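All values derive from a computational prediction rather than experimental measurement. For the numbers below, each heavy atom of this structure counts, side chains included, while hydrogens, waters and symmetry mates do not.
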Amino acid sequence: MIRKTQHTGAQAGASPPAANEPEYFTVVQVAGRIQLNPRTLRAWIRKGHVGAEQGVIHLGPHARIMRIHWATFTEKFLHVGA
């Protein structure tokens, strides 16, 4: 289940989400957590540098809504916990 939440207090680094945080985040939320411009992250997704293997899923009609699974993203893209 994907819950839409408002992320507050984004911190740098790849810390695991707290118990009350969702597992899936928007591109803007993930970009804020890793101190990256959301446009850059979207461009990487569009070009295929970041994709399903790194936790990106596309939802909705025409697959225009993107969510990123935080645990997969940190493990596969940021190489945290490897």
Please name the pair of heavy atoms, one in I68 and one in Q54, separated by the smallest distance, quoted to 0.1 Å. CG2-O, 4.4 Å
Check for me whether R33 meets the cation-pi criterion with F25, that is, NZ or CZ under 6.0 Å from the six-membered ring centre and within 45 degrees of the ring axis. yes
In the single-linkage hydrophobic clustering (I, L, V, M, F, W, Y; side-chain heavy atoms under 4.5 Å), do V56 and V80 co-cluster? yes
State, without any angle test, whether T26 and Q29 hold a side-chain donor-acceptor pair at a distance under 3.5 Å. yes
Give the C-alpha distance, both sets of side-chain angles, the deciding distance and a yes or no for side-chain contact (heavy atoms from CB on, under 4.5 Å) between K76 and V50. CA-CA 10 Å; K76 301 287 186 173; V50 179; over 6 Å; no
Side-chain contact, heavy-atom cut-off 4.5 Å: H69 with I57? no
Side-chain heavy atoms of R39 within contact of V27, under 4.5 Å: no
Between T40 (side chain only) and L36 (backbone N and O only), is there a donor and an acceptor less than 3.5 Å apart? no
For A31 against N37, the heavy-atom pair lying closest together: CB-C, 4.1 Å
Rounded to the nearest 0.5 Å, how far apart are CH2 of W44 and NE2 of H49? 8.5 Å
Side-chain heavy-atom pair L59, M66 within 4.5 angstrom cut-off: no
Could you state whether L78 and L41 fall into the same hydrophobic cluster, counting links through intermediate Ile, Leu, Val, Met, Phe, Trp or Tyr residues with side-chain heavy atoms under 4.5 angstrom apart? yes
With sequence neighbours excluded, tell me which residues meet ring pair (Phe, Tyr, Trp, His ring centres under 6.0 Å) with F73. F77
Could you state the interatomic distance from CD (E75) to CD (E53), rounded to the nearest 0.5 Å? 10.0 Å
